[in-house]
Amino acid sequence: MPQALFGRRTSCTKEISKVTYSIVGFGKIGQAIAKAFARSGIEVAVATTRPPQQLASTAATLGAAVKPIDLAEALEADVIFLAVPFKSHRDVAGKKPNWTGKIIVDATNAYGVDPADLGGRPSSAAIEEAFAGAQLVKGFNHLPASTLAQDPNVNGGRRVIFIASDAKDPASEVSKIAEKLGFAPIYLGKLAEGGALVQARGSSWAQLIFQDLVKFS
Ligand SMILES: NC(=O)c1ccc[n+]([C@@H]2O[C@H](COP(=O)([O-])OP(=O)(O)OC[C@H]3O[C@@H](n4cnc5c(N)ncnc54)[C@H](OP(=O)(O)O)[C@@H]3O)[C@@H](O)[C@H]2O)c1
């Protein structure tokens with residue numbers, strides 16, 4: 001078990017239930033998500049194709065909860081936020097033969113990708129297929145990184161994050177994470193149903209992309 005994925009085991013190696021998180025891709029959107037973890041004091045590993053030392057200074061500016069690690073170790077987290085360019089998802093997916101037991105949070109947008117290359121499917125379906133065995137949740141993709149990076153507490157309300165998945169349990173797990181990070185998650189339903197509202201398709205955007213909503217309750 002990689003030690004960098006904090007909290008997986010106690011010193012007496014007894015398994016504990018703490019969920020581990022990583023963000024693969026530490027550019028604009030990866031850093032925005034990492035900032036939300038740092039703000040909430042929840043540890044998150046971050047990785048790219050570069051060695052972790054090269055991410056250290058940026059991670060340090062976000063907060064101590066953001067831990068650069070090797071990509072291979074980041075892929076051992078329970079919940080993995082995918083924050084790479086859409087076309088890089090196959091490189092990441094190819095790092096493991098089987099993703100059973102993992103939740104992949106698809107924060108990518110396939111803007112500019114020919115819909116024919118996706119067989120007319122939503123881009124998340126292509127990602128779900130590439131990460132064989134994983135449970136896929138679309139989320140954290142509908143806002144510009146500069147907005148997502150801001151404090152989600154807006155005038156006493158909480159910034160909305162849309163969640164879509166074909167499976168309810170992982171959707172619920174990611175919704176809980178979003179709540180812990182201070183957001184107001186809204187479950188849209190399955191990927192090809194409500195999830196279609198938060199997808200890029202070719203060079204157009206679905207209706208809910210860029211809608212910066214705040215929920216008051
Ligand atoms: N920017 C936004 O406002 C925004 C908003 C919503 C969604 N998105 C989506 O989020 C995704 C990332 O966009 P971005 O703007 O954050 O891009 P970005 O700033 O270019 O960052 C991309 C990150 O992915 C890493 N990366 C690339 N290939 C990789 C691989 N094979 N394995 C591991 N890491 C890899 C890069 O690091 P290395 O080069 O060091 O590997 C870099 O840290 C895209 O799918 C985009 O559509 C972006």
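A quick note: this is a predicted structure, and the numbers were derived from the prediction, not measured. One-based numbering, in listed order, for ligands and for the atoms of each.
When non-hydrogen atoms are compared, ligand 1 lies under 4.0 Å from the backbone of Ala83 (N, CA, C, O) but not from its side chain. Counting heavy atoms under 4.0 Å from ligand 1, residue Asp91 touches it through the side chain alone.
Cation-pi geometry between Lys96 and Trp99 is met: under 6.0 angstrom from the ring centre, within 45 degrees of the axis.
Protein heavy atom closest to atom 15 (O) of ligand 1, with residue, atom name and distance, is Lys28 CE, 3.3 Å. For atom 43 (O) of ligand 1, the closest heavy atom belonging to the protein is Phe26 N, 2.8 Å. Nearest to atom 8 (N) of ligand 1 among the protein's heavy atoms is Ala107 O, 3.8 Å. The protein heavy-atom contact nearest to atom 39 (O) of ligand 1 is Thr49 OG1, 4.0 Å. The protein atom (non-hydrogen) at minimum distance from atom 46 (C) of ligand 1 is Asn109 N, 3.9 Å. Protein heavy atom at the shortest distance from atom 40 (O) of ligand 1 is Arg50 NE, 2.5 Å. Considering only non-hydrogen protein atoms, atom 3 (O) of ligand 1 sits nearest to Ala145 N, 2.8 Å. Of the protein's heavy atoms, Gly27 CA, 3.3 Å lies nearest to atom 21 (O) of ligand 1.
In plain terms, the two heavy atoms of Leu148 and Ile161 that are nearest each other are CD1-CD1, 3.7 Å.
Ligand 1 places these atoms under 4.0 Å from at least one heavy atom of Thr108: 9 (C), 45 (O). Per-residue contacts place Pro144 under 4.0 angstrom from the following atoms of ligand 1 (heavy atoms of the residue considered): 3 (O). Close contacts between ligand 1 and Pro85 involve ligand atoms 22 (C), 24 (O), 27 (C), 44 (C), 45 (O) [criterion: under 4.0 Å to a heavy atom].
Remark: distances from the non-hydrogen atoms of Leu143 to ligand 1 include one below 4.0 Å. At a 4.0 Å cut-off, not a single heavy atom of Tyr111 sits close enough to ligand 1 to count as contact.
Residue nearest to atom 4 (C) of ligand 1, selected from Leu148, Ile29, Asp106, Leu75: Ile29 (by heavy-atom distance).
Close N/O approach between Thr48 and ligand 1 is found [any backbone or side-chain N/O within under 3.5 Å]. Remark: ligand 1 and Ser88 share an N or O pair separated by less than 3.5 Å (distance only, no angle test). Here's the thing with Gly30: none of its N/O atoms is less than 3.5 angstrom from an N/O atom of ligand 1. The shortest N/O to N/O separation between Leu71 and ligand 1 does not fall below 3.5 Å. Taking any N or O of Gly25, backbone or side chain, none lies under 3.5 Å from an N or O belonging to ligand 1. Considering backbone and side-chain N/O atoms, Asn141 never comes within less than 3.5 Å of an N/O atom of ligand 1.
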Open item on the list: ring pair (Phe, Tyr, Trp, His ring centres under 6.0 Å) for Phe81 and Phe37? Distances and angles first, verdict last.
Closed with: CA-CA 12 Å; Phe81 289 77; Phe37 274 86; 5.6 Å; yes

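Separating the CG atom in Leu55 from the CZ atom in Phe26 is a distance of 6.5 Å, to the nearest 0.5 Å.
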